[in-house]
Amino acid sequence: MKKLLGILLFVVAVLTGCTPFNLVTSTTYNDANLRDYRTFRIVTSDEGKLPPGMAMVTYYNITAAIREQMVERGFTEDPSSPLLINIGLTVRQEIATEPAIPPGAYPYTWGPFYGGYAPWFIYPRGYYWPGYYSNAQVITGIYREGVLTMDMVNIDTKTPLFSASVGTILDNGDSQFRNLQGIAEAVQTLFSKFPVPLLPQYR
């Protein structure tokens, strides 16, 4: 009886411990070796516009979680680094087309729409991703509300290096973002197949 109870408790623990986040995609581009880079920088709000619905506090929470993952892999943050980490969020079309959006912003702020949704990147993805707006690099899985995408780009050469997406950082499918712990877990999932592993002391 005790053995059966132990097995039952183990199964419950496994089921309740499962992450609510799923890795949508994780891809390295242009034969990039991310180990060649020692520094990084994260896109700032001054370089573009935050996705609709994302407050500065949410941006800070996401970037803090990304920064932690990079540092634990041996990278150093440097504002002059050629390795730019860009952030995108998939939002509803009706939000993305509100009159508050400056005329002429499309298509340079977000990507093409699929099923009413569009990924909105702080630093316009079309500036470094050839053919992105002509659908040459479309990943249909990211066109779901709340999917967080992270691009790594050599910004000096405008070369995409790595991209990963996780769904979803919205809580219960509504417009509210998850709490700090939820965002940290989502970003951890985002890095789950990153080609540079954690340093031994963080494993």
Side-chain angles (χ1 to χ4, degrees), residues 22-51 54 59-60 62-91 96 102 104-114 117-144 147-167 169 186-199:
N22 66 295
L23 189 66
V24 177
T25 183
S26 183
T27 309
T28 301
Y29 296 97
N30 298 303
D31 297 319
N33 185 355
L34 275 300
R35 296 172 190 264
D36 290 342
Y37 294 85
R38 295 288 182 267
T39 61
F40 72 98
R41 70 181 185 88
I42 302 174
V43 66
T44 66
S45 57
D46 294 339
E47 296 175 277
K49 185 177 177 67
L50 294 184
M54 181 185 287
Y59 161 81
Y60 287 134
I62 292 171
T63 56
I66 290 174
R67 184 176 295 109
E68 181 178 5
Q69 290 291 324
M70 292 296 286
V71 168
E72 290 181 356
R73 286 167 168 78
F75 293 88
T76 302
E77 191 167 14
D78 181 347
S80 64
S81 176
L83 180 58
L84 172 70
I85 300 178
N86 192 21
I87 301 169
L89 178 69
T90 304
V91 296
Y106 181 83
Y108 301 108
T109 306
W110 57 82
F113 292 113
Y114 280 80
Y117 298 99
W120 179 298
F121 291 86
I122 298 177
Y123 184 88
R125 206 180 203 190
Y127 289 172
Y128 58 81
W129 205 303
Y132 175 68
Y133 293 115
S134 60
N135 300 341
Q137 297 285 352
V138 165
I139 303 169
T140 56
I142 70 174
Y143 295 96
R144 183 161 58 90
V147 171
L148 175 68
T149 300
M150 172 185 71
D151 284 349
M152 293 190 182
V153 187
N154 183 321
I155 203 62
D156 291 346
T157 61
K158 301 291 193 293
T159 305
L161 305 173
F162 177 81
S163 184
S165 300
V166 63
I169 65 166
V187 171
Q188 186 174 18
T189 302
L190 200 63
F191 276 85
S192 60
K193 292 188 178 180
F194 188 63
V196 180
L198 291 168
L199 294 173

Are F75 and Y37 an aromatic pair, judged by ring center distance below 6.0 Å?
no
Are any non-hydrogen side-chain atoms of [X] and [Y] less than 4.5 angstrom apart?
X: M70; Y: L83; answer: yes
X: N30; Y: N154; answer: no
X: L23; Y: S192; answer: yes
X: V187; Y: E68; answer: no
X: W129; Y: Y29; answer: yes

Please name the pair of heavy atoms, one in [X] and one in [Y], separated by the smallest distance, quoted to 0.1 Å.
X: V153; Y: P160; result: CG1-N, 4.3 Å
X: P51; Y: W120; result: CA-CD1, 3.4 Å
X: D156; Y: P82; result: OD2-CB, 3.3 Å
X: R73; Y: V196; result: NE-O, 2.8 Å
X: R67; Y: E77; result: NE-OE1, 2.6 Å
X: S81; Y: T39; result: OG-OG1, 2.8 Å

Interatomic spacing from [atom1] in [X] to [atom2] in [Y] - rounded to 0.5 Å:
X: M150; Y: F191; atom1: CE; atom2: CZ; value: 4.0 Å
X: I85; Y: I62; atom1: CD1; atom2: CD1; value: 13.0 Å
X: K193; Y: T28; atom1: NZ; atom2: OG1; value: 11.5 Å
X: D31; Y: T159; atom1: CG; atom2: OG1; value: 11.5 Å
X: L84; Y: Y128; atom1: CG; atom2: OH; value: 7.5 Å
X: L190; Y: Q69; atom1: CG; atom2: CD; value: 8.5 Å

Knowing that exactly one of I122, L89, I87 qualifies, which makes a side chain to side chain contact (heavy atoms under 4.5 Å, CB included) with L50?
I122
Over 12 foreign heavy atoms within 6.0 Å of CD, Q188:
no
Between D151 and Y123, do the side chains contain a donor N or O and an acceptor N or O under 3.5 Å apart?
no
Please check this pair: side chain of E47 against backbone of T44, looking for a donor-acceptor N/O pair closer than 3.5 Å.
yes
Chi angles and distances behind the side-chain contact (heavy atoms from CB on, under 4.5 Å) call for I66, F40
CA-CA 11 Å; I66 290 174; F40 72 98; 5.5 Å; no
Verdict with supporting geometry, T27 and S163, side-chain contact (heavy atoms from CB on, under 4.5 Å)
CA-CA 5 Å; T27 309; S163 184; 5.5 Å; no
